[in-house]
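Written out below as structure tokens is the structure these notes cover.
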Amino acid sequence: MRIDVIDSWVGFDALRENWDAVYNADPHAQHFLSWVWLRAYLKRRGRWFVLALKEKAEGSPYVAFFPLRVVTQQDKKTGRFFDELIMAGNFAADYTGFITRPDYENNSVEGFCAFIMQQRWTHLKLDYLCGPPSRRDAMIRALQGPLVKFRDSTPKSLNDINNCVCPVVTLPTNFDDYLNEAMSSQTRQKLRRFLRKLDANDDLRITFATAETIDRDMKILFDLWRIKWAPYKGEERIETLISATREMLMDCFRDGTLDVPVLWHGDRPLGALANIIDRQKRSILFYITGRDESWTTPSPGFLLHGHCIRRAIGMGFRTYDFLRGNEPYKYMFGPQDRPITCTLFKTRSGENLQDKLHPFSIAFVYRQALQFYKKGEKAKAEIAFRQVLESVPNHSGAEFGLANLMFEKGEFHIAEQAYLAISRSVSDPLPALLRLGETRLAQRDYQGAVSAFQDVTRRAPFHHEALYKCGIALTAAERRNEAAAVFATLQNYHSDDAVNIQYAEKARSALARLTLSMAAAPMLHDPVTLAGRESAPDSQWMPSKRLH
């Protein structure tokens, strides 16, 4: 048994044929685990990866796929970051999990769980896992133990709605058979009456979105949905939800897997649905609806669903899936419940397994550390830099950031050693050498500072900042003639860069002061005074906040 990690688009695209074969073979696979849906959804997401399992030798096809994502959170109490493994389709998919050939079900669970236990994470969230109960039970047995505990994480119901129930209508080959077998006599008579009215009444019609009408139809759908739900969800949240849902549905439309039927009375839209089309499993998945709450008869939602079920039967589809939520109106159409589950696995220590960041989160935490540093949140930055170094001890960016923080805390010896080590290990040592010189200046090791700044100018002869600070160090080391020569050279360098121009001006001022002091008085030992600053050193004496 072998598991490959697929985390590039080249690799994912190459899986298409193999993925489709496994998807079609798995009787529990749902559209949100299809290659086409994941390809569109994940292109807008970061840090995704697919576990691809094969049982035989190199070159044989994969028999199971488990798409996942890494999400990184920060503990508010400790400031440390921790990682969560979540289902790849979370926040949009009503079904998640893995797909497998039926004859490899047990091996897939065993292989995937063994691999996951070798990863670095604090939480594993199996939200809305589809498949038989035995699949979830097997994963619990494989994952729980001395390091990991679990609990049911089914979300709290709103208005007694259970979102771990998916009502699904099994469609016969004939619409009359459906009406007779699935509906009560009263509901059947009402739907027939409404459909006859729809078929015979020019004022009452249903259209399906085309490339020319999709923007209009989506606006109708979300305008109607907003009116109903904004009072419950809040204006800001409602717009975020609409934006994310519209984006996902438009991806489906571009892939040819979305229907948007709109019910009209004349030019007035009464309601709209967004139905995702799974042609591989021959299923229609009802995703979202909006309707005019002021219109009573015929009920827009009832008529739209009835029409779409009739149409689906005519097109040979096998199921009409109402997806998550056991709202009472769905049971008018004769569905059977399909249960799904939510399970949270958590490390008993409250830290990542192996006590290190997941490899996919290291760059993220490093960027967070940089942001903290720039915002002046130095304590948070230090925690983040140290976490990166716990996972990647030779991460030069984190080493440099931590050295800067040590300098600013007055721990000059630690900072000096760090800058020196960095300068010897990176391809571009100039930033570290420059900071090394500044650290030695702060410790009044003027000869050492000169050596560091000269190391910079040997590699980059026109480095204005290094030249200026070398002149300051030479002055403090009582090497006045050498300092004057450096300042004289620097003041004559021409540049269009504003920072370089500033250092040339500082050199001109420092040279004038140095010349005056050499002529009028004994050597002044304070480089700050010679540089023309009468107060404490300003930010140029601190390590640059541009972390490399």
Side-chain angles (χ1 to χ4, degrees), residues 22-34 37-38 41 51 64-69 71 84-100 102 105-106 108-109 112-113 116 123-144 150-171 241 245 248 252 274-278 280-289 318-331 333-346:
V22 174
Y23 180 81
N24 289 329
D26 187 341
H28 307 292
Q30 303 298 331
H31 184 71
F32 300 104
L33 288 169
S34 68
W37 189 86
L38 285 167
Y41 187 69
L51 303 183
F65 298 103
F66 196 173
L68 296 160
R69 281 194 286 142
V71 175
E84 297 179 340
L85 296 187
I86 67 171
M87 304 295 95
N90 271 174
F91 312 121
D94 281 42
Y95 296 112
T96 69
F98 62 86
I99 58 172
T100 180
E105 170 95 19
N106 293 335
S108 296
V109 171
F112 288 144
C113 290
I116 287 170
H123 298 137
L124 169 64
K125 295 182 175 181
L126 302 183
D127 290 337
Y128 306 117
L129 182 75
C130 63
S134 59
R135 184 175 291 188
R136 181 215 188 202
D137 294 343
M139 295 187 76
I140 290 174
R141 289 194 299 271
L143 291 169
Q144 72 159 330
F150 81 97
R151 66 174 175 84
D152 182 273
S153 58
T154 301
K156 293 182 180 179
S157 63
L158 179 64
N159 298 327
D160 296 323
I161 302 303
N162 186 346
N163 277 310
C164 279
V165 172
C166 299
V168 181
V169 179
T170 301
L171 302 178
L241 290 170
T245 304
M248 186 274 288
C252 292
N275 285 341
I276 297 173
I277 308 165
D278 184 348
Q280 290 173 284
K281 293 294 185 178
R282 294 167 67 184
S283 181
I284 302 294
L285 294 80
F286 159 59
Y287 196 81
I288 190 172
T289 184
R318 295 172 178 167
T319 56
Y320 191 88
D321 192 335
F322 281 95
L323 297 182
R324 284 192 281 126
N326 59 347
E327 290 89 344
Y329 78 87
K330 296 177 180 179
Y331 292 89
F333 299 93
Q336 298 296 314
D337 287 343
R338 174 186 289 155
I340 53 179
T341 58
C342 292
T343 309
L344 172 66
F345 294 88
K346 183 177 180 179

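All values below come from the heavy atoms of this structure, side chains included, with hydrogens, waters and symmetry mates left out.
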Please tell me if the side chains of [X] and [Y] come closer than 4.5 Å, counting only heavy atoms from C-beta onward.
| X | Y | answer |
| --- | --- | --- |
| D337 | P167 | yes |
| C164 | Y128 | yes |
| T343 | M139 | no |
| L126 | F150 | no |
| L51 | I116 | yes |
| L33 | Y95 | no |
| L85 | F345 | no |

Work out which heavy atom in [X] is nearest to a heavy atom in [Y]; give both atom names and the distance.
| X | Y | result |
| --- | --- | --- |
| L68 | M87 | CD2-CE, 3.4 Å |
| T100 | S108 | OG1-OG, 2.8 Å |
| Y287 | T245 | CE2-CG2, 3.8 Å |
| D160 | N326 | O-OD1, 4.1 Å |
| V22 | A64 | CG1-CA, 4.3 Å |
| G97 | L129 | CA-CD1, 3.4 Å |

(message) Could you work out, with side chain to side chain donor-acceptor pair (under 3.5 Å) as the rule, every residue matching N106, not counting sequence neighbours?
(response)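 With sequence neighbours excluded, N106 shows a side chain to side chain donor-acceptor pair (under 3.5 Å) to no residue whatsoever.
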(message) Once side chain to side chain donor-acceptor pair (under 3.5 Å) is applied, do any residues pair with R69, and if so which ones, sequence neighbours excluded?
(response)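 For R69, no residue satisfies side chain to side chain donor-acceptor pair (under 3.5 Å) once neighbours in sequence are set aside.
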(request) Assess the side chains of N90 and Y41: does a donor N or O sit below 3.5 Å from an acceptor N or O? (result)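 No, no side-chain donor-acceptor pair sits under 3.5 Å.
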(request) Just grab all the salt bridge (Lys or Arg N to Asp or Glu O under 4.0 Å) pairs involving residues 125-139, residues at least two apart or on different chains. (result)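 Sorted pair list: D26-R135, E84-K125, E105-R135, R136-D152.
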(message) Has T96 got a side-chain atom pairing as donor or acceptor with G89's backbone, closer than 3.5 angstrom?
(response)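 No, T96 side chain to G89 backbone: no donor-acceptor pair under 3.5 Å.
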Excluding sequence neighbours, so at least two apart, what forms ring-ring contact (aromatic ring centres under 6.0 Å, His included) with [X]?
| X | result |
| --- | --- |
| H28 | none |
| Y23 | none |
| F66 | F98, F112 |

(request) Check the surroundings of atom CD in Q336: do more than 12 heavy atoms from other residues, nucleotides or ligands lie under 6.0 Å from it? (result)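 Result for CD/Q336: open.
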(message) Within this structure, what is the CG-CZ distance for the pair N275 and F322, rounded to the nearest 0.5 Å?
(response)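 Here the rounded value is 9.0 Å.
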(message) Ring-plane angle category for W37 and F32, please: parallel below 30°, perpendicular beyond 60°, tilted otherwise.
(response)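 Because their plane-to-plane angle is over 60°, the rings of W37 and F32 count as perpendicular.
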